[in-house]
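In what follows, a single structure is set out as structure tokens and then discussed.
The analysis underlying the following values was restricted to heavy atoms, covering all of them including side chains, and did not include hydrogens, waters or symmetry mates.
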Amino acid sequence: MFEGAGIAVIILLAVVLFGLLRSIRMVPQGSNYTVERFGRYVRTLPPGLGVIIPFFDRVGHKLSMMERVLDVPSQEVITRDNAMVKVDGVAFFQVIDAAKAAYEVQNLEHAILNLVMTNIRTVMGSMDLDSLLSQRDEINHRLLGVVDQATTPWGIKMNRIEIKDISPPRDLVDAMARQMKAERDKRATVLEAEGQRQSQILRAEGEKTSVVLEAEGRREAAFRDAEARERAAEAEAKATLLVSDAIASGNIQAINYFVANNYVKAIEALASAPNQKVLMLPLEATALIGSLGGIAEIAKEAFGGDGDQAAARRKSSASVPPVLPKS
């Protein structure tokens with residue numbers, strides 16, 4: 001009898017120990033377990049040590065709460081301008097509600113993958129090829145918004161959706177290359193023409209400035225020449241007035257100066273003729289010397305110089321032979 005009771009106690013202890021072992025659950029970091037009681041969800045076990053009621057509760061689903069990556073396979077997409085391209089991508093998502101992810105959708109990753117592929121065709125099919133190739137960030141943003149909104153009831157947070165590659169057909173790539181080359185040739189031609197135009201404008205402006213400066217130089221030179229002639233005329237008038245006054249006062253030296261000055265000018269005019277080779281001069285040297293002496297006297301009277309010095313200069317000038325113009 002005692003032997004039977006001992007066996008029963010041992011069996012009872014074994015059952016209790018087995019129940020204790022079944023009631024303890026170790027949930028790893030980054031995971032959540034759902035607990036079902038008689039097949040119905042009751043709660044979620046977070047990471048760490050969890051306890052459930054043995055023989056009544058059981059672990060329903062073991063879900064990873066870490067961010068996961070889903071590779072989107074390549075698929076063909078027809079754009080709005082009827083260009084067919086191959087597109088593939090990648091999606092990053094994270095379970096934020098283990099109960100919804102476990103019981104709101106079946107085969108979670110397959111559902112997300114089909115949702116992403118469908119929206120890729122929808123979003124990219126509404127755009128033309130040029131926009132498709134140049135606005136990849138906008139495509140990613142629109143895909144993320146649409147898919148994230150659709151997966152929210154499943155307890156999913158879509159973090160990123162990236163289009164990895166867009167591959168147009170070979171003939172379309174060749175056409176795009178020709179178009180790009182034509183555009184670059186066009187821009188090069190326009191830039192070259194613009195450069196030539198700018199160069200011609202700058203050259204014309206330089207020539208204009210040069211002509212203006214040259215004209216200003218001629219005007220300034222003419223003004224200064226006129227001013228010089230005016231000064232010379234004034235000096236000549238003043239000298240003529242002095243000679244006239246001297247003649248009026250009966251100064252014979254002034255008369256000699258006047259005659260000699262005109263005589264020298266006449267000889268200078270004859271000598272400066274372009275066809276003049278030989279010049280015959282019927283002049284008297286003493287008369288010219290006397291005229292030069294009259295010039296000295298007038299200068300003395302005009303500037304108040306020493307009479308002796310003037311006489312000495314007359315003597316010295318008398319010894320100098322007259323200068324004949326070159327033939």
For this session: List the atom of Lys86, the atom of Ser74, and the distance in Å for their closest heavy-atom pair.
Result: CB-OG, 3.9 Å

Exercise. So, do Gln94 and Ile156 sit near enough that their side-chain heavy atoms are less than 4.5 Å apart?
Worked result: no

Exercise. Under a 4.5 Å cut-off applied to non-hydrogen side-chain atoms, are Met158 and Ile112 in contact?
Worked result: yes

Exercise. Taking C-beta and beyond as the side chain, do Val147 and Phe93 meet within less than 4.5 Å on heavy atoms?
Worked result: no

For this session: Report the relative orientation of the aromatic rings in Phe18 and Phe55; use parallel for angles under 30°, tilted for 30 to 60°, perpendicular for over 60°.
Result: tilted

For this session: Give the intermediate values and the outcome of side chain to side chain contact (heavy atoms under 4.5 Å, CB included) for residues Leu133 and Met176.
Result: CA-CA 11 Å; Leu133 298 175; Met176 292 169 61; 3.0 Å; yes

Exercise. Crowded around Arg231 CZ? As in, over 12 foreign heavy atoms under 6.0 Å?
Worked result: yes

Exercise. Donor-acceptor pair, Asp81 side chain versus Leu129 backbone, under 3.5 Å?
Worked result: yes

Exercise. Hey, what do you get for CD1 (Ile139) to CG (Leu143), rounding to the nearest 0.5 Å?
Worked result: 7.5 Å

Exercise. Going by an N to O cut-off under 4.0 Å, is there a salt bridge joining Lys181 and Asp185?
Worked result: yes

Exercise. Just wondering, do Thr79 and Met127 contact through their side chains at under 4.5 Å, heavy atoms?
Worked result: no

Exercise. Atom CG in Asp128, atom CG in Asn82: separation rounded to 0.5 Å?
Worked result: 11.0 Å

For this session: Please answer: with hydrophobic residues joined when any side-chain heavy atoms are less than 4.5 Å apart, are Met117 and Val105 in the same cluster?
Result: yes

Exercise. Can Asp225 and Arg229 be counted as an ion pair, charged N to O under 4.0 angstrom?
Worked result: no

Exercise. Do the rings of Tyr41 and Tyr103 sit parallel, tilted or perpendicular, given the 30° and 60° boundaries?
Worked result: tilted

Problem set entry | Any Met124 side-chain heavy atom under 4.5 Å of Gln75 side chain | no

Exercise. Any side-chain heavy-atom pair from Val77 and Val85 closer than 4.5 angstrom?
Worked result: yes

Problem set entry | side chain to side chain contact (heavy atoms under 4.5 Å, CB included) between Glu36 and His61, worked out | CA-CA 9 Å; Glu36 299 175 355; His61 294 273; 4.1 Å; yes

Exercise. Is a side-chain donor or acceptor of Ser210 paired with a backbone partner of Gly206 at a separation under 3.5 angstrom?
Worked result: no

Exercise. Of the non-hydrogen atoms in Ile161 and Ala91, which two are nearest, and what is the gap between them?
Worked result: CG1-CB, 4.2 Å

For this session: With rounding to the nearest 0.5 Å, note down the distance linking CG in Asp148 to CG in Asn159.
Result: 8.0 Å

For this session: Examine Leu108 and Phe92 and state if one hydrophobic cluster contains both, with Ile, Leu, Val, Met, Phe, Trp and Tyr joined whenever side-chain heavy atoms are less than 4.5 Å apart.
Result: no

Exercise. Hey, does Asn32 have a side-chain heavy atom less than 4.5 Å from the side chain of Ser64?
Worked result: no

Exercise. Mind checking whether Ile166 and Arg136 have side chains closer than 4.5 Å, heavy atoms only?
Worked result: yes

Exercise. Side chain of Ser199, backbone of Gly195: donor and acceptor closer than 3.5 Å?
Worked result: no

Exercise. Just wondering, are more than 12 heavy atoms of other shown residues or ligands nearer than 6.0 Å to CD1 in Ile96?
Worked result: yes

For this session: Identify the heavy atoms of Pro168 and Val173 that sit nearest to each other, and give their distance.
Result: O-CG2, 3.8 Å

For this session: Indicate whether the side chain of Asp137 and that of His141 have a donor and an acceptor atom separated by less than 3.5 Å.
Result: no

Exercise. Arg187 and Glu183: salt bridge (Lys or Arg N to Asp or Glu O under 4.0 Å), yes or no, with the steps?
Worked result: CA-CA 6 Å; Arg187 281 190 288 176; Glu183 289 289 340; 5.6 Å; no

For this session: Please determine if Glu234 and Lys238 form a salt bridge, counting it only when a charged side-chain N lies under 4.0 Å from a carboxylate O.
Result: no

Problem set entry | Salt-bridge present (Glu220, Arg224; N to O < 4.0 Å) | yes

For this session: Write down the atom of Ala98, the atom of Thr44, and the distance for their closest heavy-atom approach.
Result: CB-CG2, 4.2 Å

For this session: Treat each ILVMFWY residue as a node, draw an edge where side-chain heavy atoms are under 4.5 Å apart, and state whether Leu45 and Leu63 are in one component.
Result: no

Problem set entry | Gap separating the CG atom of Asn114 from the CG atom of Asn119, nearest 0.5 angstrom | 11.0 Å

Problem set entry | Worked verdict on Ile24 versus Leu49 for side chain to side chain contact (heavy atoms under 4.5 Å, CB included) | CA-CA 7 Å; Ile24 298 174; Leu49 181 62; 3.2 Å; yes

Exercise. Which distance, rounded to the nearest 0.5 Å, do you find between the CG of Leu132 and the CD of Glu138?
Worked result: 10.5 Å

Problem set entry | Arg160 vs Asn140, side chain to side chain contact (heavy atoms under 4.5 Å, CB included): CA-CA, chis, key distance, verdict | CA-CA 8 Å; Arg160 289 190 305 276; Asn140 295 335; over 6 Å; no

Problem set entry | CD1 on Ile52 to CZ on Arg37, rounded to 0.5 Å | 9.5 Å

Problem set entry | Taking every non-hydrogen atom, the tightest pair across Asp88 and Asp165 | OD1-N, 3.0 Å

For this session: State plainly whether the residues Arg197 and Glu194 are in salt-bridge range, i.e. N to O under 4.0 Å.
Result: yes

Exercise. Would one find more than 12 heavy atoms of other residues, nucleotides or ligands at under 6.0 Å from atom CD of Gln149?
Worked result: no

For this session: Spell out, yes or no, whether Ile163 and Leu172 are grouped together once hydrophobic residues are joined by side-chain heavy atoms under 4.5 Å, including indirect joins.
Result: yes

Exercise. Between Pro169 and Met84, what is the shortest heavy-atom contact and its length?
Worked result: CD-O, 2.8 Å

For this session: Treat each ILVMFWY residue as a node, draw an edge where side-chain heavy atoms are under 4.5 Å apart, and state whether Val35 and Val27 are in one component.
Result: yes

Exercise. Thinking salt bridges, do Arg203 and Glu207 make one under a 4.0 Å N-O criterion?
Worked result: no

